[in-house]
There are 2 protein chains.
Amino acid sequence: MFHTQLVIDGGQTETKLRIIRQGDVSEFRLPGVQTNLPVLPQLAAAIGYAANISEAGFDVVSIGTTGLTKAEHDAGELMAMLEPGMALNLHLAHDSVSSYLGALGDRPGAVVAAGTGVVTLAVSARTTARVDGWGYIMGDAGSAYWMGQQALSAVMRAHDGRGPQTSLSGAVRDRWPDLEEAYIQLQAAPNKISVVASFGKEVSRCAATDPVAARICDLAGRELAHSAATALRRTGQAGTSQPAVACLGGVFSGAQVRAAFTAELALQIPGARLVKPAGNGLDGICLMGGLPENHPLRAMISSV
Amino acid sequence: MFHTQLVIDGGQTETKLRIIRQGDVSEFRLPGVQTNLPVLPQLAAAIGYAANISEAGFDVVSIGTTGLTKAEHDAGELMAMLEPGMALNLHLAHDSVSSYLGALGDRPGAVVAAGTGVVTLAVSARTTARVDGWGYIMGDAGSAYWMGQQALSAVMRAHDGRGPQTSLSGAVRDRWPDLEEAYIQLQAAPNKISVVASFGKEVSRCAATDPVAARICDLAGRELAHSAATALRRTGQAGTSQPAVACLGGVFSGAQVRAAFTAELALQIPGARLVKPAGNGLDGICLMGGLPENHPLRAMISSV
């Protein structure tokens, strides 16, 4: 067993840290990872901060993070940025790996993590497949950002006569009383990604009574299920006995999205079995160091 | 007749200026309008620049520009930012007005201007209707940005197994050899809007042989036609005898987009008649000051 362990879950909104020291567990939060800047220096700063408040280094530091480029996927390079003694061992992975481990542990299956963005990862006995997670411009189909963008577009189509009226207009007007000025203010907002994503919740809230919102939820659920089904197929689990699928993230708290997801997944992979996530990303990151040598997720974790 | 006239067409990519002085016409370009900053000071700077190189003020300054908020739609406020004598008269309007006047002059009809973004304006004898032009997040359906985003999404869907293979992947790989890193580099690019829009041209280029590209062009053409038809309906021109529709901008140079536009428009407004634009935005801006008093576009032009 490790004596002292630092676990870091680097997200876009906030970075969660967990320190485990002789059975004592403490958790705290730091600002999110800036994905438009190099990520490793930000992680090094978080480790330094944790070591300072602990007044000691760590036997093991395990990190799952957003925004890691391939060049940065290198635990050795991160280690070189640390002061001596801060970390004896270091494990570094994309947050799709930590989401997976948190939800399903070392078992096969597929995990869909849908918040502001979305990424799906499937793991079989021998291989892994990542589907989507390509960001708000090139991908993230079915994410909160995606739903919010569809909502804003639907509101403007209702406004200019191209589309049906929708109760989503109320929420958009609450923020921008003059709809025709909304896009100018939105485009100038430094936090526009999260502003757009915030309307995803509104879409779920309106879905029970508004056909436009219901349609967006339906499409989102189907996109997410298609991603899960594709990942299961690519890892050879489509025909296996009841492959496990776990759903994470705020998007799935919408009943209509969840219903559409379940229906579409059953259509594409009839045997798929929805399972409750066992834990969160931090729980998953704790497992990174202890994976069996031949586990396929090992190849997605850089260790030193 | 005016002795000296300054005409400014403020675009996102560049600002075009035309100086007319006793029959002599000269044109030049300045950097584009920064739509995330107040627009009037940028226009004042452009007027100051033109007055300096002309070594004289202007009898009339006419401006059509992108990015104008409602609060800024005020020729008096712009006049107040100028040194005395720079402009005796000032006309200020949204670039949809200048596009319209350039293409159809003071006649009724509808004009669709589709470049990086898209805006449609219809004008009848009594009223006007603007459709779309709500920017790359909330609108601009069928624009080059919209086509480029669809292309990037299709390429990533081909890459991760959710969608069919497409020859669009070649162009995206030319820019980002590692597709999985593309979104990180794109999101960090300061000029990401124009980068995404640049793929719109690629979609048109591939449409003759690639079904995925052809489908994007088809959808774009139908979105643009739906906007034109909606604008004609809102101005009461749907049932009139052969309402004129003019198309402007790079998107319409794609044969497949144009064909889909023509087919969908004929379906929605059977009598609509496609006409060649008479001139460009600068030509339209020249007409702003001379419109009849009761022309419906007058209400969209701020004059002082």
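Heavy-atom basis, side chains included; hydrogens, waters and symmetry copies ignored. Chain naming here is simple, since letters A, B, ... match the order of the sequence lines and numbering starts at 1 in each.
- In this structure, chain A has a heavy atom under 4.5 Å from the side chain of V196(B), while its backbone stays farther away.
- Both the backbone and the side chain of I137(B) come within contact range of chain A, each with at least one heavy atom under 4.5 Å from a heavy atom of that chain.
- Evaluation of the salt bridge (charged side-chain N to carboxylate O under 4.0 Å, His left out) test over residues 152-179 of chain A, restricted to residues two or more places apart or in two chains, returns R157(A)-E223(B), D160(A)-R162(A), R162(A)-D132(B), D178(A)-K70(B).
- Both the backbone and the side chain of A182(A) come within contact range of chain B, each with at least one heavy atom under 4.5 Å from a heavy atom of that chain.
- Checked by atom type, the side-chain pair Q185(A)/E181(A) shows no donor-acceptor distance below 3.5 Å.
- For NZ of K192(A), the number of neighbouring non-hydrogen atoms (other residues, nucleotides, ligands) closer than 6.0 Å is greater than 12.
- Heavy atoms of F199(B) lying under 4.5 Å from chain A are absent altogether.
- Annotation: ring pair (Phe, Tyr, Trp, His ring centres under 6.0 Å) contacts of Y183(A) (sequence neighbours excluded): none.
- Close approach to chain B, defined as a heavy atom under 4.5 Å from one of its heavy atoms, is seen in H226(A), S227(A), T230(A) of residues 225-233 of chain A, taken by number.
- Atom CZ of R298(A) has more than 12 heavy atoms from other residues, nucleotides or ligands within 6.0 Å.
- One N or O on the side chain of Y100(A) and one on the backbone of G109(A) form a donor-acceptor pair closer than 3.5 Å.
- Using modelled atom types and a 3.5 Å distance limit, the side chains of Q237(A) and T240(A) yield no donor-acceptor pair.
- Pairs engaging residues 108-118 of chain A under the salt bridge (charged side-chain N to carboxylate O under 4.0 Å, His left out) rule: none recorded [sequence neighbours left out].
- Residue I193(A) does not touch chain B at all, counting heavy-atom pairs closer than 4.5 Å.
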